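Just so you know, these numbers come straight off a predicted model, no measurement behind them. Order of appearance sets the numbers: ligands from 1, and atoms from 1 within every ligand.
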Amino acid sequence: MKAAIVGAGGYAGQELQTLLARHPSLDCALPMRGRAQSPAEGHLLALDLERLGEVDLVFLCTPHGAAAPLARVALEAGAKVVDLSADFRLKDPAVYEATYGAPHPAPDLLDVAVYGLTEHNRREVSSARLVANPGCYPTSVLMPLLPLLEAGLLEAEAPIIADAKSGVSGAGAGANATTHFGNVHDNLRAYGIGDHRHTPEIWQAAGTDRIVFVPHLLPCFRGILTTLYLTPRTGIGPARAREVLQVAYAEEPFVEVLPPDTSPTLHDVQHTNQSAIGVHDAYGQLVVVSTLDNLVKGAAGQALQNANLMLGLEEGLGLA
Ligand SMILES: NC(=O)c1ccc[n+]([C@@H]2O[C@H](COP(=O)([O-])OP(=O)(O)OC[C@H]3O[C@@H](n4cnc5c(N)ncnc54)[C@H](OP(=O)(O)O)[C@@H]3O)[C@@H](O)[C@H]2O)c1
């Protein structure tokens, strides 16, 4: 089968090219630049909308706002689409406009789009034509949080604190004053406090706005570590929480729930599609540590899981 990557030269697009190079049955036939004015360069082709109908599936690795019109062209040409941008993640166009500062570019396609948190939405993804690949931070928060919420282990009124930290590749290849080497190296900063764009996505997927999400910029290239501070219901301790997660992910090759007193690090997950989760008690609170590689499970790897399902292939192909 054949895929196109639009925005193949960006960080997420490069990661997808690497994964597809090892894929036994999905070929990256059209690695394209993202913008119409970007010329062909090396093996990267100029953007050619006419050719999107030649492939089975198009990965969109372009910024939000730019992705939605490209998705429409690809769908109309008969290709399936996995969009790595935020364009189809939020179901309410008013929330999109409030979050991204512009009207939704294709509100009629919002009903067609399926949120691709693969382990939690496998059936819908399998029959989807358009998948909204989740954000990297939301994936790191939701993987441990959803099973705990669904099992009713958390105190209903208590806030859920999601203290998240990402390597600088999460911001993409273009440097700015915040992300250039001199301001990242040997430094650590919180950002987007109270208004980060991933907060509405996390709230929507978790079904609650009790979540206080604060991201931080780490002085390393790749990986996310999120620490969740959770108030358990009376009588619920880390052993029960760990058991719930172990049962939820027992059959999942890309999720590892660690044994007691073990906390995952970035080195455990960098360059892999793994989500690793450690569960702890701290003074009666549940403390859950979640790590993943923002470019793999947080972007290209999860996109490939979704693409495999959409194409009727085995979900883990190209990701071992
Ligand atoms: N980085 C991550 O960890 C991560 C994780 C999850 C999701 N994402 C999402 O994935 C997408 C790509 O992220 P990235 O980190 O790979 O970004 P990036 O490194 O900045 O690359 C973005 C690509 O988009 C293209 N582009 C830039 N402006 C464009 C426009 N106005 N119209 C069309 N194409 C445009 C560029 O292509 P040309 O230079 O070829 O024109 C570039 O290759 C974004 O929507 C991002 O939010 C990223």
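Each of the atoms 1 (N), 2 (C), 3 (O) of ligand 1 lies under 4.0 Å from some heavy atom of Gly170. Residue Ala299 approaches ligand 1 through these ligand atoms, each under 4.0 Å from one of its heavy atoms: 5 (C), 6 (C). Remark: ligand 1 atoms within the under-4.0 Å shell around heavy atoms of Leu295 are 1 (N), 2 (C), 3 (O). With ligand atoms numbered from 1 in the order given, ligand 1 contributes 15 (O), 17 (O), 18 (P), 19 (O), 20 (O) to contacts under 4.0 Å with heavy atoms of Gly172.
Of the protein's heavy atoms, Ser38 OG, 2.6 Å lies nearest to atom 41 (O) of ligand 1. Protein heavy atom at the shortest distance from atom 20 (O) of ligand 1 is Ala173 N, 3.4 Å. Of the protein's non-hydrogen atoms, the one nearest atom 23 (C) of ligand 1 is Cys61 O, 3.5 Å. Scanning all protein heavy atoms for the shortest distance to atom 33 (C) of ligand 1 gives Gly34 O, 3.3 Å. Scanning the protein for heavy atoms near atom 14 (P) of ligand 1, the closest one is Ala12 N, 4.0 Å. For atom 29 (C) of ligand 1, the nearest non-hydrogen atom of the protein is Arg35 CG, 3.3 Å. Considering only non-hydrogen protein atoms, atom 40 (O) of ligand 1 sits nearest to Arg33 NE, 2.6 Å.
With salt bridges taken as basic N to acidic carboxylate O contacts below 4.0 Å, none links Arg210 and Glu155. With salt bridges taken as basic N to acidic carboxylate O contacts below 4.0 Å, none links Glu54 and Lys2.
Expressed to the nearest 0.5 Å, how far CZ of Arg222 lies from CG of Leu292 amounts to 11.5 Å. The distance from atom CG of Asn187 to atom NE2 of His216, rounded to the nearest 0.5 Å, is 12.0 Å.
Thr139 and Gln302 are linked by a side-chain donor-acceptor pair at a separation below 3.5 angstrom, with hydrogens and angles left out of the test. Side-chain atoms of Thr227 and Asp163 include no donor-acceptor pair closer than 3.5 Å. A donor atom on one side chain and an acceptor atom on the other are found under 3.5 Å apart for Thr231 and Gln285.
Using a 4.5 Å cut-off on side-chain heavy atoms (C-beta onward), Pro138 and Tyr115 make contact.
Ring orientation note: the planes of His120 and Tyr249 are nearly perpendicular, at an angle over 60° on the 30°/60° scale. Between His64 and Tyr100, the ring-plane angle classifies as tilted under the 30° and 60° cut-offs.
Taking all heavy atoms of Thr62, Asp83, Asn294 into account, the minimum distance to atom 44 (C) of ligand 1 is reached by Thr62. Considering Ile224, Leu84, Asp87, Asn133 only, the shortest heavy-atom separation from atom 10 (O) of ligand 1 involves Leu84. Relative to atom 5 (C) of ligand 1, the option among Ala66, Ala175, Pro31, Gly298 with the closest non-hydrogen atom is Gly298.
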(request) Begin with the C-alpha distance, continue with both residues' side-chain angles, and end with the deciding distance and a verdict on side-chain contact (heavy atoms from CB on, under 4.5 Å) for Leu117 and Met143. (result) CA-CA 8 Å; Leu117 192 68; Met143 293 304 282; 4.0 Å; yes
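Taking a distance limit of 4.0 Å, we find that atom 47 (O) of ligand 1 is approached by no protein heavy atom.
Between Ala171 and ligand 1, no N or O atom pair is found at a separation short of 3.5 Å. Close N/O approach between Arg89 and ligand 1 is not found [any backbone or side-chain N/O within under 3.5 Å]. Looking at ligand 1, you'll find an N or O of Gly10 within less than 3.5 Å of one of its N or O atoms.
Proximity of Pro63 to ligand 1, defined as any heavy-atom pair under 4.0 Å, is shared by backbone and side chain alike. Heavy atoms of Ser169 found under 4.0 angstrom from ligand 1 belong exclusively to the backbone.
Distances from ligand 1 to the non-hydrogen atoms of Gly135 include no value under 4.0 Å.
Panel note: side chain Ser126, backbone Arg122; a donor-acceptor pair is recorded below 3.5 Å. In terms of modelled atom types and a separation under 3.5 Å, the side chain of Thr262 and the main chain of Pro260 share a donor-acceptor contact.
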